[in-house]
Each structure stands twice: as structure tokens, then as C-alpha cells.
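Below is one structure, written out as C-alpha cells; comments come after it.
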Amino acid sequence: MQRFLDQHLQDRYSLPTLAEHFHVSTRTLLRRYKQETGESPLVHLQRTRMRRAQHLLESTDRTSRQIHLEVGYRDHGTFAALFTRHFGVRPTDYRAGFRRERASPRPLSTAQDSTEAVAHRYSG
């Protein structure tokens with residue numbers, strides 16, 4: 001089910017549609033998913049969307065308004081609020097901090113180190 005959610009990141013989340021796809025009731029889907037993962041499908045989807053948005057902010061010049069659509073949010077305000085809750089900083093501030101870290105003169109062993117440093121700094 002996680003793979004299905006990950007492959008349909010841009011799709012609107014609908015628990016009844018998801019349950020129908022897997023031929024179970026919504027209650028059964030939620031119970032089984034929580035037993036196997038410890039979280040709800042929505043929590044997984046939101047975390048995956050936030051990680052994707054984080055990656056896009058780090059690796060592209062797309063605006064936050066473009067990214068929110070690409071990761072499955074129809075409303076930019078909702079996306080920005082969730083991103084801020086998840087990382088502790090607004091999407092544009094996250095990108096600026098990431099770029100500042102990458103441009104800093106101190107040596108980093110890899111670009112991944114820079115990504116991890118910024119993510120750690122903002123993952124509270």
C-alpha cells in the first residue's frame with residue numbers, strides 16, 4: 001500500500017477510494033495499515049510529500065507554488081503550513097538556508113553531507 005501511495009503522490013487523497021482499490025472497508029484498511037506501519041496512510045503520504053518537496057527545493061529552481069502542485073497539494077497555504085510544521089521553517093526559507101549551507105566555505109565531504117546538515121537543522 002505504501003508503494004501505491006508513493007506512486008500516486010500527486011493524486012488527491014481519498015480514504016474511501018484507497019479502500020476500494022484494495023477491496024476492503026475504510027475501517028479495515030486503517031486498522032491493518034496502522035498494525036503494519038504504526039501510522040495512518042495519510043501520515044505516510046504527508047511525510048513522503050514533504051520529503052519530495054524538500055528534494056525539489058534543494059535540487060531545482062521551481063518555486064514553492066510550483067512544487068506544491070507537483071507533490072499533490074492543491075492549496076499552497078496548506079502545503080506551506082504542513083512544510084513549516086514538518087521542518088520548522090517555511091519552504092522558501094528552507095531553500096535559502098540550504099543554499100547558504102552549500103555555499104559556505106567550510107569543507108564538506110559530499111553534497112549529501114550538506115543536505116543532511118540542513119535537513120537536520122530544520123527537522124526539529
Side-chain angles (χ1 to χ4, degrees):
M1 189 176 318
Q2 286 180 331
R3 186 177 319 132
F4 178 86
L5 289 169
D6 294 347
Q7 291 171 347
H8 294 88
L9 200 61
Q10 292 179 327
D11 296 349
R12 181 181 167 97
Y13 175 75
S14 166
L15 184 59
T17 302
L18 189 60
E20 184 179 314
H21 177 79
F22 288 99
H23 308 288
V24 295
S25 69
T26 56
R27 184 172 181 225
T28 298
L29 183 134
L30 286 173
R31 183 176 41 81
R32 287 181 184 170
Y33 194 90
K34 180 129 182 157
Q35 283 175 342
E36 291 184 25
T37 67
E39 64 188 12
S40 72
L42 182 58
V43 168
H44 170 79
L45 184 63
Q46 287 177 340
R47 187 179 58 252
T48 303
R49 286 174 169 174
M50 291 299 108
R51 286 180 182 158
R52 176 74 178 145
Q54 176 188 26
H55 171 74
L56 292 170
L57 286 165
E58 293 171 358
S59 63
T60 72
D61 288 326
R62 292 183 196 124
T63 67
S64 175
R65 292 196 177 274
Q66 292 168 321
I67 290 171
H68 87 271
L69 294 170
E70 189 168 333
V71 298
Y73 291 100
R74 289 184 169 83
D75 178 69
H76 184 264
T78 300
F79 164 73
L82 286 169
F83 191 95
T84 302
R85 185 175 352 149
H86 191 81
F87 291 103
V89 65
R90 295 179 318 198
T92 52
D93 294 337
Y94 177 87
R95 174 180 275 155
F98 176 79
R99 289 184 174 167
R100 251 190 325 277
E101 289 285 327
R102 297 243 341 187
S104 80
R106 60 187 168 92
L108 291 171
S109 60
T110 65
Q112 181 66 26
D113 291 342
S114 177
T115 301
E116 290 172 2
V118 173
H120 177 73
R121 183 170 154 205
Y122 291 125
S123 63

**Message:** Going by salt bridge (charged side-chain N to carboxylate O under 4.0 Å, His left out), name the residues that satisfy it together with R51, two or more places apart in sequence or in a different chain.
**Reply:** none
**Request:** Please collect all salt bridge (charged side-chain N to carboxylate O under 4.0 Å, His left out) contacts where either partner lies in residues 31-40, sequence neighbours excluded, each pair once.
**Result:** E39-R47
**Message:** Rounded to the nearest 0.5 Å, what separates atom CG in L45 from atom CG in L9?
**Reply:** 6.0 Å
**Prompt:** Who passes side-chain hydrogen bond (donor to acceptor under 3.5 Å, both in side chains) against T92, sequence neighbours left out?
**Reply:** none
**Request:** If the plane angle is over 60° it's perpendicular, under 30° parallel, otherwise tilted; pick one for F79 and Y73.
**Result:** tilted
**Prompt:** Using links of under 4.5 Å between side-chain heavy atoms of ILVMFWY residues, direct or through other members, which residues join L69 in one cluster?
**Reply:** none
**Prompt:** Among all residues two or more places apart in sequence or in another chain, which pass the side-chain hydrogen bond (donor to acceptor under 3.5 Å, both in side chains) test with R85?
**Reply:** none
**Message:** Same cluster or not: V24 versus L42, using hydrophobic residues (I, L, V, M, F, W, Y) connected whenever any side-chain heavy atoms lie under 4.5 Å apart?
**Reply:** yes
**Fill in**
Residues joined to V43 in its hydrophobic cluster, side chain to side chain under 4.5 Å directly or through other members, sorted by chain and number, are none
**Message:** According to side-chain hydrogen bond (donor to acceptor under 3.5 Å, both in side chains), who are the partners of R90, at least two apart in sequence or on a separate chain?
**Reply:** D93
**Pair listing, side-chain hydrogen bond (donor to acceptor under 3.5 Å, both in side chains) test, anchored in residues 15-24, at least two apart** = S14-T17
**Message:** Measuring from atom CZ of R74 to atom CD of Q10, what distance do you get when rounded to the nearest 0.5 angstrom?
**Reply:** 10.0 Å
**Asked** Can you check whether L82's main-chain N or O pairs, donor with acceptor, with H86's side chain at less than 3.5 Å?
**Response** no
**Asked** Does L56 have any side chain to side chain contact (heavy atoms under 4.5 Å, CB included) partners at least two apart in sequence or in another chain, and if so, which?
**Response** R52, T60, R62, I67, E70, V71
**Complete:** Residues passing the salt bridge (charged side-chain N to carboxylate O under 4.0 Å, His left out) test with D61, sequence neighbours excluded, are R99
**Fill in**
For L29 and F22 the tightest heavy-atom approach is CD1-CD1, 4.3 Å
**Item:** Contact list for residues 31-71, test ring pair (Phe, Tyr, Trp, His ring centres under 6.0 Å), sequence neighbours left out
**Value:** H68-H76
**Request:** Can you sort out the partners of T26 under side-chain hydrogen bond (donor to acceptor under 3.5 Å, both in side chains), two or more places apart, ordered by chain and number?
**Result:** none
**Complete:** Correct closest heavy-atom pair for P91 and S64 would be CB-OG, 3.6 Å
**Item:** Interatomic spacing from OG1 in T63 to CZ in R95 - rounded to 0.5 Å
**Value:** 7.5 Å
